[in-house]
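In what follows, a structure is listed as structure tokens, so that the remarks can point back to it.
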Protein chains: 2
Amino acid sequence: MTDLGVSTSGARRRPPSQADVAALADVSSQTVSRVANGRANVDQATRERVLSAMRILGYQRNSAARALALGRFHMLGVITFDLSAHGNARTLAAISRAAQAAGYSVNVACAEEQTETAVQQAFSKLSGQAVDGVVVIEAQILDRQGLRLPPGVPVIVADGDPEHRFSSVDNNQAAGAVAATRHLLDLGHRTVWHVAGPQDSYSARRRAAAWHATLKEAGAAVPPLRLGDWTARSGHRIGAELAARDDVTAIFAGNDHMALGIMLALHEAGRRVPEDVSVVGFDDVPEAAYFIPPLTTIRQDFEEIGRQCVSLLLDQIDAGGGVATKLVTVPPLLTVRATTAVAPATG
Amino acid sequence: MTDLGVSTSGARRRPPSQADVAALADVSSQTVSRVANGRANVDQATRERVLSAMRILGYQRNSAARALALGRFHMLGVITFDLSAHGNARTLAAISRAAQAAGYSVNVACAEEQTETAVQQAFSKLSGQAVDGVVVIEAQILDRQGLRLPPGVPVIVADGDPEHRFSSVDNNQAAGAVAATRHLLDLGHRTVWHVAGPQDSYSARRRAAAWHATLKEAGAAVPPLRLGDWTARSGHRIGAELAARDDVTAIFAGNDHMALGIMLALHEAGRRVPEDVSVVGFDDVPEAAYFIPPLTTIRQDFEEIGRQCVSLLLDQIDAGGGVATKLVTVPPLLTVRATTAVAPATG
DNA sequence: ACCGCTCATGTTCGCGCAAACATTCGTCGC
DNA sequence: GCGACGAATGTTTGCGCGAACATGAGCGGT
């Protein structure tokens with residue numbers, strides 16, 4: 001009895017419109033519109049007649065027509081680069097959920113490369129005429145002065161806007177890096193080596209800076225910064241070099257995957273974790289608890305980041321532009337597992 | 001000289017329309033439309049005048065109006081569940097890229113739960129009135145007979161449609177599982193244990209079935225199937241049980257993350273990989289090569305899956321429905337690393 | 001010189017929706 | 001008892017675009 005009128009016959013027909021519902025329910029299409037939008041000023045009996053007609057025809061409102069009439073799309077754009085990066089994928093999922101809850105849908109543009117043109121293209125595809133606002137996830141590229149985003153489109157940047165040209169939602173990268181470094185120092189390590197992410201990533205730079213500052217403040221020597229590219233592969237390469245040095249007893253990796261590579265290199269070089277060398281990661285990917293040994297790391301709350309992005313963006317959209325840029329910070333959490341231990345006795 | 005007319009002043013104005021461009025270029029708005037769509041029948045001089053006017057005003061066509069006029073949205077919907085699953089995220093990224101290349105954008109709906117209602121809701125949000133077609137990624141839920149998708153919307157299922165009610169793009173799960181099992185058997189193991197993914201996943205079922213068949217065919221004993229849930233955590237739990245049994249010398253895990261958990265459990269129980277127990281995973285996540293030891297696994301080509309999904313979907317859209325369902329299979333690849341070795345000499 | 005053709009361009013119209021305005025009631029106050 | 005009001009509903013209109021059709025200019029063949 002539910003989908004009576006949904007003819008299943010061959011040719012693709014025009015889906016039912018308000019007018020069709022109106023005809024069936026014997027009201028004007030405006031009344032259908034009112035019912036569809038939950039307006040109060042419709043008689044109960046009429047409303048039910050309309051609702052039933054909708055059900056019979058399988059009516060769904062045409063979002064394009066709605067967008068055209070309203071000038072609002074009820075759609076958010078998300079620009080991202082690498083969805084194989086765990087954090088980005090998680091953030092996207094959270095954004096999608098939060099947006100759905102607010103009645104928005106999400107249009108993803110996955111830019112291949114981190115070039116200005118690629119971003120600008122992705123952006124112009126989305127912007128202005130198709131979405132009400134945009135979230136840019138981890139846009140290392142936003143650093144570059146050259147990037148000019150069209151004005152008038154609300155933009156939120158997740159984790160990547162060093163100059164605060166846009167509103168942004170950030171992990172408190174500094175706090176996380178400080179916690180990691182302090183944790184190792186407190187364990188008695190003379191100093192802490194840092195294998196950082198690529199320096200065109202603002203997150204990576206902030207983690208590195210906080211690590212540097214924490215060492216300085218503690219009066220510890222500051223070893224040279226080692227630069228990876230977020231991959232386990234780069235961690236493995238750098239880890240091999242670090243493993244060769246006896247004076248390395250504590251390593252803070254820029255993310256969990258690099259930590260994994262480092263641990264493999266250490267293992268291959270016969271240096272035990274955590275007895276000889278302590279390792280801390282960053283992200284707390286779900287598998288981190290099952291590395292060998294389970295990884296001490298900094299947990300990021302991606303769900304919260306996604307929620308905040310959407311909430312900030314919606315505020316900005318509703319305010320109709322001209323809002324001061326805001327910065328929301330989500331605190332990370334040190335999660336101690338089995339890769340960190342007190343410093344080995346000094347030979 | 002590029003964005004002259006893009007006034008940066010306060011209030012949000014209506015973005016420029018074809019009519020505005022037409023007025024500036026002193027042509028009809030239809031001519032602007034023709035230029036915007038790259039039609040041939042426009043004089044070169046006129047075309048340039050229009051293009052320059054577009055540039056000056058920063059014109060972008062309104063996708064809602066376009067969709068309304070054309071009855072086509074140039075947008076694909078993607079329904080997915082868990083973006084923290086590596087494969088899903090990768091597939092989504094590939095779909096997004098392929099869609100963009102074809103001039104489509106991608107609307108993601110990330111359903112929270114795998115319930116029929118959740119899917120149906122996500123689906124109806126997207127369907128009919130907002131997208132031209134839908135890709136469902138790994139929809140374990142499609143199994144259930146109860147699920148009724150609205151007719152008339154082209155649907156492609158990535159890796160999850162056991163009854164072939166829709167066109168789908170699949171990994172050749174069977175081939176992968178056979179390769180994994182054979183590989184272990186060839187190494188001299190008497191039999192192979194399988195830690196499968198949850199059995200409401202079609203992929204998981206197919207892998208398990210192929211493992212079973214391969215053992216049978218080889219005349220090997222078929223150990224009881226162990227059921228995990230794709231997480232490293234479940235792998236760890238089951239791994240602990242398996243580690244306690246001396247007769248377990250070869251394990252085929254349903255995915256790399258469970259393999260990781262299994263390896264940790266083995267390690268904790270003092271059983272060496274690969275000397276005592278060989279392990280094979282499935283997926284080849286980027287970190288698999290850096291597990292301790294590096295994991296032998298089955299590589300899936302997510303890029304290709306994404307591309308195929310889009311290509312199939314576009315075909316179906318262009319054909320206007322009424323096409324026979326197709327099944328495209330993407331072959332996986334056995335990648336041998338360090339977790340597999342010849343069977344230990346039998347005590 | 002005239003017909004018939006092609007090509008560039010203009011005009012009209014409708015896609016489906018909701019805002020704004022118009023209309024019809026019934027109801028309340030004095 | 002009559003005007004003022006408000007609630008339910010209908011009518012008109014335009015959002016921006018492109019299909020379909022109309023126009024008009026230029027050109028070749030006979």
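Convention: sequence-line order gives letters A, B, ...; per-chain numbering from 1.
- Neither OP1 nor OP2 of C/dC15 sits under 4.0 Å from any side-chain N or O of B/Arg72.
- In this structure, B/Arg39 reaches the D/dA19 phosphate: one of its side-chain N or O atoms is under 4.0 Å from OP1 or OP2.
- What separates NE2 of A/His74 from C1' of C/dC17 is a distance of 12 Å, to the nearest Å.
- To the nearest 0.5 Å, atom CG of residue B/Leu92 and atom CD1 of residue B/Ile305 are 13.0 Å apart.
- Across A/Phe81 and B/Arg97, no two heavy atoms sit closer than the pair O-NH1, 4.3 Å.
- Taken over five-pair windows at either terminus, the axes of the helix from C/dA1-D/dT30 to C/dC30-D/dG1 are inclined to one another by 40° (rounded to 10 degrees).
- A close approach under 4.0 Å does occur between a side-chain nitrogen or oxygen of A/Arg66 and OP1 or OP2 of C/dA18.
- Atom-to-atom, CG of A/Leu68 to P of C/dG14 comes out at 16 Å; the value is rounded to the nearest Å.
- Shown here for A/Ile317 and A/Asp132, the closest heavy-atom pair between the two residues is CG1-O, 3.4 Å.
- The CD atom of A/Gln18 sits 18 Å away from the P atom of C/dG14 (whole-angstrom rounding).
- When the side-chain nitrogen and oxygen atoms of A/Ser33 are compared with OP1 and OP2 of C/dA18, one or more of them lie within a distance under 4.0 Å.
- Between B/Leu57 and B/Leu24 there is a side-chain heavy-atom pair separated by less than 4.5 Å.
- Distances shorter than 4.0 Å separate none of the side-chain N or O atoms of B/Asn62 from OP1 or OP2 on D/dC15.
- When side chains are defined from C-beta on, B/Arg49 counts as touching B/Asp26, because their heavy atoms get closer than 4.5 Å.
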Extract from the structure each pairing of a protein N or O with an N or O of nucleotides 9-13 of chain D at less than 3.5 Å, listing the distance.
| from | atom 1 | to | atom 2 | distance (Å) |
| --- | --- | --- | --- | --- |
| D/dT9 | OP1 | A/Thr46 | OG1 | 2.5 |
| D/dT9 | OP2 | A/Asp43 | N | 2.8 |
| D/dT9 | OP2 | A/Thr46 | OG1 | 3.3 |
| D/dG10 | OP2 | A/Ser28 | N | 2.7 |
| D/dG10 | OP2 | A/Ser28 | OG | 3.0 |
| D/dG10 | OP2 | A/Thr31 | OG1 | 2.9 |
| D/dG10 | N7 | A/Arg34 | NH2 | 3.0 |

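- For the pair B/Leu70 CG and C/dG16 P, the interatomic distance rounds to 13 Å; values are reported in whole Å.
- Taking a cutoff of 4.0 Å between a charged side-chain nitrogen and a carboxylate oxygen, A/Asp43 and A/Arg34 do not qualify as a salt bridge.
- At least one side-chain heavy atom of A/Val157 sits under 4.5 Å from a side-chain heavy atom of A/Val155.
- Within the 4.5 Å cutoff, the side chain of A/Val135 has no heavy atoms near those of the A/Ile79 side chain.
- With 3.5 Å as the limit, one finds a donor-acceptor pair spanning the side chains of A/Ser84 and A/Asp82.
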